[in-house]
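Notes to accompany the following structure.
Lettering of chains follows the sequences in order, A, B, ..., and the numbering in each one begins at 1.
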2 protein chains.
Amino acid sequence: MDRRQKKTRDAIFRAFIYLLSQKDFEHITVGNITDLADVGRATFYAHFETKDFLLKELCAELFCHIFDSMGKTNGHTHIFECDAPDSVFLHLFLHLQKNDNNILELLSCRNNGLFLEYFKKNLLKLAEDQLHLFESPKNKSVPRDFLVNHVASTFTETVRWWLDNGKKESPETITEYFLAVL
Amino acid sequence: MDRRQKKTRDAIFRAFIYLLSQKDFEHITVGNITDLADVGRATFYAHFETKDFLLKELCAELFCHIFDSMGKTNGHTHIFECDAPDSVFLHLFLHLQKNDNNILELLSCRNNGLFLEYFKKNLLKLAEDQLHLFESPKNKSVPRDFLVNHVASTFTETVRWWLDNGKKESPETITEYFLAVL
DNA sequence: ATTATACCGAACAATATGTTTTGTATCTTA
DNA sequence: TAAGATACAAAACATATTGTTCGGTATAAT
């Protein structure tokens with residue numbers, strides 16, 4: 001990739017992330033981003049179709065970053081390194097905790113549910129493929145569809161709660177809570 | 001309330017609801033609404049500060065409509081007619097099923113999570129006050145905060161799943177599923 | 001060194017927002 | 001029913017944002 005492209009791309013992402021810490025996604029304009037990134041507005045449109053695509057790419061990057069560090073993604077299916085169901089969740093919380101810059105918070109906090117929406121949608125895909133890893137320990141007499149959705153929802157909403165409350169609990173503790181109600 | 005006010009207010013709501021069935025909330029403009037409602041654009045702003053306030057009022061109306069039909073709201077606390085925990089949920093699903101016009105679907109379906117966000121937020125308030133009605137039958141060794149959030153989340157996400165899948169299950173069945181995983 | 005291309009700056013039309021003004025119609029109430 | 005209040009329409013307004021296009025310049029790859 002052209003060095004110039006990477007530079008402006010990064011600048012746009014940096015500006016976007018900063019702006020997300022200042023205001024809601026809806027109130028950020030393309031002009032805001034390009035001013036801060038110090039690139040022409042036309043350049044933005046050369047890189048991203050719309051603001052929403054920029055967001056989507058950021059979410060995808062964050063999502064991949066989290067899951068790549070705990071397994072390999074071959075094509076469309078993700079192969080986890082750990083096999084024990086509960087250790088999958090613990091690892092997820094561990095990786096969610098140590099996200100360096102606060103991108104995770106910016107995309108998930110009180111007003112912006114953006115990333116978590118993306119998160120759940122993709123978690124759902126994973127859970128459909130590998131329910132055995134995500135499955136609740138208890139036997140539930142409900143349709144598989146419903147159960148898959150429930151596991152993905154409960155995990156996502158637990159993450160949301162955890163983040164909204166300032167990540168006070170340790171990954172171990174929050175995993176414990178999660179498994180207790182699952 | 002002035003008869004004229006009520007007329008335009010209703011016209012705006014009607015137009016808004018129709019437009020929600022045609023496109024996403026974000027792509028609806030004030031002009032769209034006032035054109036369809038056949039009122040001046042300035043009139044819109046005399047009634048609603050912004051588009052978002054209109055949405056909020058519609059959500060509030062729908063929420064109240066659902067909960068008023070199964071109890072009384074005194075000030076800020078809601079008193080349910082039924083006392084058995086599980087019958088509260090069944091009644092909720094029953095009331096959610098029989099919403100006449102499809103407002104519920106419009107505000108909750110795949111693309112618009114708008115109402116369900118509002119729904120969860122207010123359900124949370126109710127659950128905090130009257131956890132005994134919403135509590136899971138099982139004893140969970142998790143903090144009260146977490147449990148309250150979990151119950152509200154699980155219910156909301158069950159509703160979302162139910163609506164997204166076309167409300168195929170009867171209220172009784174979906175209540176059963178919900179209680180099975182709670 | 002040459003060729004390709006990423007970028008800038010500026011301009012562009014099109015659309016949306018939110019406010020203001022003036023005149024008219026309709027309501028309330030006394 | 002008459003008088004005063006007010007909700008509304010129509011139109012104009014300044015401002016902001018979007019998405020595209022253009023020629024010129026700088027910086028890449030080879």
Are there any protein N/O atoms within less than 3.5 Å of an N/O atom in nucleotides 8-10 of chain C, and if so, which ones and at what distance?
residue : atom : partner : partner atom : Å
C:dC8   : OP1  : A:D38   : O            : 3.4
C:dC8   : OP2  : A:G40   : N            : 2.7
C:dC8   : OP2  : A:T43   : OG1          : 2.6

Tabulated below should be each protein N or O lying under 3.5 Å from an N or O of nucleotides 25-30 of chain D; please produce it.
residue : atom : partner : partner atom : Å
D:dT27  : O2   : A:R4    : NH1          : 2.9

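Between A:F44 and A:F48, the gap from one ring centroid to the other is short of 6.0 Å.
Following rounding to the nearest Å, B:H27 (NE2) and D:dT18 (C1') show an atom-to-atom distance of 12 Å. Atom CD1 of B:I33 is separated from atom P of C:dG18 by 11 Å (rounded to the nearest Å). What separates CD of B:Q5 from P of C:dC27 is a distance of 12 Å, to the nearest Å. In this structure, CG of A:D52 is placed 14 Å from C1' of D:dG19, rounded to the nearest angstrom. The CD atom of B:E26 sits 15 Å away from the P atom of C:dA16 (whole-angstrom rounding).
Pairs of residues two or more places apart, or lying in two chains, that qualify as side chain to side chain donor-acceptor pair (under 3.5 Å) and include a residue from residues 49-64 of chain A are A:R9-A:E57. Within the structure, the salt bridge (Lys or Arg N to Asp or Glu O under 4.0 Å) test picks out the following pairs touching residues 166-177 of chain B (sequence neighbours left out): B:E105-B:K167. Annotation: salt bridge (Lys or Arg N to Asp or Glu O under 4.0 Å) contacts involving residues 30-47 of chain B, sequence neighbours excluded, are absent.
Between B:E157 and A:K120 a salt bridge is recorded (basic side-chain N to carboxylate O distance below 4.0 Å).
For B:R4, the salt bridge (Lys or Arg N to Asp or Glu O under 4.0 Å) partners at least two apart in sequence or on another chain are B:D2. By the side-chain hydrogen bond (donor to acceptor under 3.5 Å, both in side chains) test, A:T8 pairs with A:H47, sequence neighbours left out. Scanning for salt bridge (Lys or Arg N to Asp or Glu O under 4.0 Å) contacts around B:D10 gives B:K6, with sequence neighbours left out. With sequence neighbours left out, the side chain to side chain contact (heavy atoms under 4.5 Å, CB included) criterion links A:L36 to A:A15, A:Y18, A:L19. Residues meeting the side chain to side chain contact (heavy atoms under 4.5 Å, CB included) test with A:L106, sequence neighbours left out: A:I17, A:L20, A:S21.
Between A:S87 and A:H91, the side chains place no donor N or O within less than 3.5 Å of an acceptor N or O (distance only, hydrogens not considered). Using modelled atom types and a 3.5 Å distance limit, the side chains of A:S170 and A:T173 yield a donor-acceptor pair.
If you check residues 44-51 of chain A against DNA chain D, the residues with a heavy atom closer than 4.0 Å are A:Y45, listed by number.
Pairs of Watson-Crick or G-U wobble type, with distances under 3.5 Å, assemble into runs of 3 or more in DNA chain C at these ranges: C:1-11 with D:20-30, C:13-17 with D:14-18, C:19-30 with D:1-12.
The nearest pair of heavy atoms linking B:L55 to B:L107 is CD1-CD2, 3.7 Å.
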